[in-house]
Amino acid sequence: MPEILEIESYRELAARTIGREVRAVDAPDAWFLKQGLDAEALASALIGHRVDGARRIGKLLLVDLHGAPTLGLRFGMTGRLVVDGATAIDALAYGPARENPAWDRFRLVLDRGTLVINDPRRLGGVLLDPDESRLGVDAMTLTSAQLAAVLERSDAPLKAKLMDQARIAGLGNLLTDESLWRAGIDPARPAGSLDARETEVLAAAIRETLTLLGTRGGSHTGDLQRERRRGGLCPRDGAPLERRTVGGRTTYSCPAHQH
DNA sequence: CTCGACTCCTGTTAGC
DNA sequence: TGCTAACAGGAGTCGA
């Protein structure tokens with residue numbers, strides 16, 4: 001599913017539209033428009049304005065327009081960005097193999113080309129002038145000091161804290177499981193129970209995971225991912241992986257080396 | 001404020 | 001073979 005790595009590639013794709021002017025807004029799915037937005041309000045806010053830039057905070061893609069409110073795009077679990085008919089990534093874990101035009105939930109018609117969100121399961125959405133202050137520090141620039149501040153004095157499961165977008169923006173279920181597996185830390189540990197050394201190991205594992213999986217092509221390319229199924233074995237030591245619900249999410253971890 | 005439970009969505013897949 | 005029910009997770013809401 002789209003996590004920070006996929007959204008980063010969406011950002012690069014969206015940057016192709018810089019300098020183009022919005023000519024029309026096609027929002028056939030009212031449910032996809034969030035925070036009381038409707039198609040008319042969106043059209044009147046955006047039409048006639050040029051794209052100034054494409055930014056990203058965590059899993060939120062921001063399209064800045066000249067003289068207009070910033071457009072916020074969220075992709076949920078199965079959303080893809082399509083610019084001028086091209087996608088940024090070929091495969092999405094848990095997503096359908098092929099695209100169906102019926103799943104186009106939002107479309108910007110530009111003076112040259114189009115920007116489209118295709119989302120089968122409709123868990124993404126479109127925002128106008130989103131509150132960027134609600135998102136925590138971006139996972140790509142997370143330092144161990146920032147991680148320590150997020151985790152300290154919390155009894156919540158470590159995994160829940162790592163996935164809390166208000167504290168750390170960008171990590172989803174797959175990247176979190178992969179990072180914890182690499183760090184050798186149990187996802188269910190109380191967040192505040194990590195000592196300084198473990199916090200540094202985890203911060204390094206998150207950095208390493210983002211860098212490595214970024215070059216491999218996405219959040220679904222982790223070593224743990226291949227065994228992320230019932231009966232899967234730990235790629236590191238061959239132990240049967242444990243499957244649990246932690247922080248409300250299906251979680252795979254290795255009881256032999258994650259403590 | 002913190003935390004967990006619940007809810008939304010629908011294509012895919014496991015199982016009868 | 002054909003059907004049903006469970007499953008997947010990002011994000012918002014609500015109540016203790």
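This structure is a prediction, so every number in the text was calculated from the model and none was measured. By convention in this document, chain letters (A, B, ...) are assigned in the order of the sequence lines, proteins followed by strands, and residues within each chain are numbered from 1.
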Mind calculating the distance between CG (A/Leu174) and C1' (C/dG10) to the nearest angstrom?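 Atom-to-atom, A/Leu174 to C/dG10, this comes out as 12 Å.
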
Please report the distance, rounded to the nearest Å, between NZ in A/Lys161 and C1' in B/dC3.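 Atom-to-atom, A/Lys161 to B/dC3, this comes out as 8 Å.
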
Using heavy atoms to find the nearest nucleotide of DNA chain B for A/Pro157 and A/Arg230 separately, return the residue whose nucleotide is more 5′. A/Pro157

Mind listing the residues from residues 128-152 of chain A sitting with a heavy atom below 4.0 Å of DNA chain B? Number order is fine.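 Of all residues in residues 128-152 of chain A, none places a heavy atom under 4.0 Å from DNA chain B.
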
Shortest non-hydrogen contact from A/Arg244 to A/Pro187? NH2-CD, 3.7 Å

For the side chain of A/Trp31, counting heavy atoms from C-beta on, which of B/dC9, B/dC3, C/dA8 is nearest? B/dC9

Could you please name the option among B/dG11, B/dG4, C/dG10 that lies closest to any side-chain atom of A/Pro120? B/dG11

Residues that, via side-chain heavy atoms closer than 4.5 angstrom, fall in one hydrophobic cluster with A/Ile185: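 Answer for A/Ile185: A/Ile4, A/Leu5, A/Val137, A/Met140, A/Leu142, A/Leu147, A/Val150, A/Leu151, A/Leu158, A/Leu162, A/Ile168, A/Leu171, A/Leu175, A/Leu180, A/Leu194, A/Leu202, A/Ile206, A/Leu210, A/Leu212, A/Leu213.
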
N-O pairing of A/Glu132 and A/Arg55 below 4.0 Å: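 A salt bridge is present here (some side-chain N lies under 4.0 Å from a carboxylate O).
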
A/Glu21 and A/Arg112 ion-paired at < 4.0 Å: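 A/Arg112 and A/Glu21: not salt-bridged.
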
Give a yes or no on whether a donor-acceptor pair under 3.5 Å exists between the nucleobase atoms of C/dG10, that is its base, and the side chain of A/Arg74. no

At less than 3.5 Å, do the side-chain atoms of A/Arg121 and the base atoms of C/dA8 form a donor-acceptor pair?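 Flag set: donor-acceptor pair detected.
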
Please give the angle, rounded to 10 degrees, between the axes at the start and the end of the helix from B/dT2-C/dA16 to B/dC16-C/dG2, where five pairs define each axis.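 For the helix from B/dT2-C/dA16 to B/dC16-C/dG2, the axes at either end differ by 50°.
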
Would you tell me if any nitrogen or oxygen in the side chain of [X] comes within less than 4.0 Å of OP1 or OP2 on [N]?
X        : N      : answer
A/Ser154 : B/dC3  : yes
A/Arg228 : C/dC7  : no
A/Arg243 : C/dA8  : yes
A/Trp103 : B/dG11 : yes

